[in-house]
Amino acid sequence: MVPSFLASALNRLFGNEAWRRLHARAAFWVTMGMGALLLSGAGLTVVAESGAPRANITSYPKALWWSIETATTVGYGDFYPVTFWGRVIASFLMLGAITAFGVITAALATWFVGRAEQDAIRLGKAIGSHAREDAEALRAELRTLHARFDHVENLIRGRGPTGPS
């Protein structure tokens, strides 16, 4: 059974428009593929390393730890393959992980840039709206000032508010 918070998060992810975007789907499937690569790479490495002299990856938990530290390029050096096939598996694991992290990073960057672009568009619209309102208020104030100046000018010339006296 899936915990309710996880079910809620997955429902929000898959049920909204963001999921329909290519970068969100790509990040999801690459993450799933990366998980499969880590699990299968660990299993294949145990098989490849079993019985080899000086092998230190002798169980699945050790192999899983090794595959995670290899994929993340941490590489503590506590576990490492000593056989040819173990090293081939490690090479594929490293290349796959570098590619996966690149795709995931690009998808996250696309999401952040998209959000920033939407915020900038909203801000631009809000500023434009306020600028139009301010310009209209300024025009109205200028019309009022012109009318007052015309009135004062007519008073000075002695014409009164409606013309000559």
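All residue numbers in this chain count up from 1 along the given sequence. All values below were derived from every heavy atom in this structure, side-chain atoms included, with hydrogens, water molecules and symmetry-related copies excluded. It should be emphasised that the depicted structure is a prediction, and the values quoted were computed from it without experimental measurement.
The two atoms that bring Ala52 and Thr83 nearest to each other are CB-CG2, 3.4 Å, heavy atoms only. Closest non-hydrogen pair, Gly86 versus Ala48, comes out as N-CB, 3.8 Å.
One distance of note links CG of Leu145 with CG of Asp150; it measures 11.0 Å at 0.5 Å rounding. The NE2 atom of His146 sits 11.0 Å away from atom CD of Glu141, with the distance rounded to the nearest 0.5 Å. The CE atom of Met34 sits 9.5 Å away from the CG atom of Leu39 when rounded to the nearest 0.5 Å.
A continuous path of Ile, Leu, Val, Met, Phe, Trp and Tyr side chains, each step under 4.5 Å between heavy atoms, connects Ile68 with Tyr60, placing both in one hydrophobic cluster. Residues Phe84 and Trp66 do not share a hydrophobic cluster, defined by chaining ILVMFWY side chains whose heavy atoms lie under 4.5 Å apart. With hydrophobic clusters built from ILVMFWY side chains whose heavy atoms lie under 4.5 angstrom apart, Met94 does not share a cluster with Ile57. There is no path of hydrophobic side-chain contacts, each under 4.5 Å, that joins Trp85 to Val82. One hydrophobic cluster, built from ILVMFWY side chains closer than 4.5 Å, cannot hold both Leu38 and Val30; they sit in different ones.
Comment: Glu153 engages Arg157 in a salt bridge, judged by a side-chain N to carboxylate O separation of less than 4.0 angstrom. No salt bridge links Glu69 with Lys62; every basic N to acidic carboxylate O contact stays at or beyond 4.0 Å.
No donor-acceptor distance shorter than 3.5 angstrom exists from the side chain of Tyr80 to the backbone of Asn56, with no hydrogens or angles considered.
In this view, Ile127 and Leu123 satisfy the side chain to side chain contact (heavy atoms under 4.5 Å, CB included) rule, not counting sequence neighbours.
With contacts defined as side-chain heavy-atom distances shorter than 4.5 Å, the pair Thr70/Phe79 does not qualify. Using a 4.5 Å cut-off on side-chain heavy atoms (C-beta onward), Lys125 and Ser129 make no contact.
Residue Glu49 is tested with Val47, Thr45, Val46 for a side-chain contact (heavy atoms from CB on, under 4.5 Å); the sole match is Thr45.
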Could you please spell out the steps behind the side-chain contact (heavy atoms from CB on, under 4.5 Å) verdict for Phe101 and Thr73? CA-CA 11 Å; Phe101 288 132; Thr73 69; over 6 Å; no
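Heavy-atom neighbours of Glu117 CD from other residues, nucleotides or ligands within 6.0 Å: at or below the threshold of 12. Heavy-atom neighbours of Arg122 CZ from other residues, nucleotides or ligands within 6.0 Å: above the threshold of 12.
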